[in-house]
Amino acid sequence: MAVIMTQTLAHARRPVRQLLAASVGNAVEWYDWYAYTFLATYIAGQIFPKSSGNSLVPLLSTFAVFAVGFFMRPVGGLLMGAVADRHGRRVALTATILLMGGSSLLVGLTPTYASVGILAPVILVAARLLQGLSVGGEFAASTTFLVESAGPGRRGLFSSFQYVSTTIGQLAASGIAAALVSGLGDGQMEGWGWRVPFLVGAVLSLVGFWIRRGAEETLRLTGEGAAQPRPGLFDALRRHPRESLLICGITAGGTIAYYTWTSYLPTYAELNAGIDKADALLAGTLSLAFFALLQPLGGLLSDRYGRKPLLLFFGVGFALLSVPLLRSIGGSFGSLLLVQCAGMVLLTGFTSISAAVNAEIFPARVRAAGIGFPYSLTVALFGGTAPYVGTLFKELGRPGLFPWYVSLLCLVSVAVYLRLPESAHKELD
């Protein structure tokens, strides 16, 4: 009988090193990804032609490219997930960090529309496609790697470091962006300042690559399993269609809430409440630090009390409170910070355990690809389009519809959570 097992040596002797390998690389990946979001308004004016009739056109174009990157994520989740299932998690993790470093360098060196015309947005799109491929593969491989590295009763805790490291990357991107905006004038930011974070990201990716090369592999084939054919590209989808759909339902509400609160809210506050750009970035940075501190607590609670209570806390909370929270953003820094922190508390019910919940659905043989494709596809459809949809509602004169859109998707996920079997205390395949 074929046996597929995850390595237990890392569980007993190297948990800290395993967490570091996953977290450092993941932080670098997401630093690069979010630097684009935080600096979108500067990129818009330099890479896309301005419309004389509507100042939102360049910003919409920039967020459209943001969404394009997301639509490469399912491809990355499928391809890199298959690599992780066929050749090991570490191989996939080192590949994704190199891809992200190269694409970050390309964004930083993209020429302006004024200097090369239409070639500028073409180069930017190419860079974002590479980033999307990398990030999609990153989630598939790192989610699997983290959960398989956890000891008994610690999968939720280890899972929480997926978003701890993601948030560290966001904090770095937000902090550097805020420092540049505060320290440089608009002319310098538009001329060269917006490029700096991407060039830094390219260097940091080499550090992540070096650390990940020393990680312990968590997938091992033993006995007859070593002689069995490795899983095909579409094995997870073909053999586990119900599980794939389940991932989509679990993720839909979480991804729209996550990208609204962690990425789009500063821009939303600028467009709809008139909050100063620097204040919006500072509020985002402080709320992200608060969010990172909450993640291990959520993971520990799920290990003790189960995954479903936290998922329902998140889903019901956002379904009921998205509209009043977003409508309560006033023109002050304090109101934005309060709304962001309140959302972060609710969001922790999803983010702290999503890696564990996803990994517990699929068997080890197809776990990375099984998670990677449906998760990334759902994120592309609902998370990646959140900034574009929110900005589009503003342009159409109906900004009040966006909070209802967030609430509705969270309600859909609540229906899935109610039917989800509890998996916190089951053995991981």
Side-chain angles (χ1 to χ4, degrees), residues 27-51 55-66 69 100-128 130-131 167-207 262-271 274-289 333 336 387 391:
V28 173
E29 290 267 357
W30 289 97
Y31 162 86
D32 289 336
W33 184 255
Y34 282 108
Y36 183 94
T37 306
F38 291 125
L39 297 167
T41 53
Y42 295 103
I43 297 172
Q46 296 299 305
I47 305 301
F48 296 96
K50 295 180 180 178
S51 167
S55 62
L56 284 178
V57 168
L59 185 59
L60 278 171
S61 300
T62 309
F63 282 141
V65 175
F66 183 77
M100 180 58 78
S103 58
S104 184
L105 181 63
L106 190 57
V107 172
L109 298 178
T110 299
T112 64
Y113 186 87
S115 62
V116 299
I118 194 65
L119 185 61
V122 169
I123 293 173
L124 184 64
V125 168
R128 290 297 293 178
L130 286 176
Q131 283 185 324
T167 305
I168 289 172
Q170 286 180 272
L171 280 170
S174 176
I176 290 175
L180 287 169
V181 170
S182 299
L184 300 176
D186 284 342
Q188 290 174 306
M189 277 300 300
E190 292 171 0
W192 56 269
W194 65 269
R195 300 179 184 274
V196 172
F198 299 104
L199 301 177
V200 171
V203 175
L204 290 176
S205 68
L206 296 178
V207 177
T262 65
S263 301
Y264 179 57
L265 209 54
T267 302
Y268 180 87
E270 288 176 47
L271 294 176
I275 290 180
D276 180 73
K277 185 182 300 183
D279 284 346
L281 285 173
L282 179 59
T285 301
L286 293 175
S287 64
L288 282 171
F333 167 82
L336 175 59
T391 307

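- Qualifying side chain to side chain contact (heavy atoms under 4.5 Å, CB included) partners for Val207, counting only residues two or more places apart in sequence or in other chains: Ile211.
- Of the residues Leu39, Leu130, Leu124, the one that meets the side-chain contact (heavy atoms from CB on, under 4.5 Å) test with Val107 is Leu124.
- One finds the CD1 atom of Ile275 at 11.5 Å from the CG atom of Leu282 (value rounded to the nearest 0.5 Å).
- Annotation: side chain to side chain contact (heavy atoms under 4.5 Å, CB included) contacts of Val203 (sequence neighbours excluded): none.
- Distance CZ/Phe333 to CG/Leu286: 5.0 Å, rounded to 0.5 Å.
- Looking at heavy atoms from C-beta onward, Pro111 lies in side-chain contact with Ile123 at the 4.5 angstrom threshold.
- The two residues Arg195 and Thr112 have their closest heavy-atom pair at NH2-CG2, 3.7 Å.
- Scanning all heavy atoms of the two residues, the minimum distance from Ala283 to Leu336 falls at CB-CD2, 3.8 Å.
- Taking each heavy atom of Thr262 and Gln170 in turn, the nearest pair found is CB-NE2, 3.3 Å.
- Sorted by first then second residue, the side chain to side chain donor-acceptor pair (under 3.5 Å) pairs that include residues 100-110, not counting sequence neighbours, are Asp32-Ser104.
- In this view, Ser182 satisfies the side chain to side chain donor-acceptor pair (under 3.5 Å) rule with no residue, not counting sequence neighbours.
- Side-chain atoms of Tyr31 come within 3.5 Å of backbone N or O of Pro197 as a donor-acceptor pair.
- Across all their heavy atoms, Leu288 and Thr167 have their closest contact at O-CG2, 3.1 Å.
- Not counting sequence neighbours, the partners of Trp30 by the side chain to side chain donor-acceptor pair (under 3.5 Å) test are Asn26.
- Residue Gly201 comes nearest to Val28 through the heavy atom pair O-CG1, 4.2 Å, listed as atom of the first residue, atom of the second, then distance.
- Residues that satisfy the side chain to side chain contact (heavy atoms under 4.5 Å, CB included) test with Leu199, not counting sequence neighbours, are Leu105, Leu109.
- The minimum heavy-atom distance between Tyr42 and Glu190, with the atom names listed, is CD2-CG, 3.9 Å.
- A distance of 7.0 Å separates CH2 in Trp192 from CG in Leu180, rounded to the nearest 0.5 Å.
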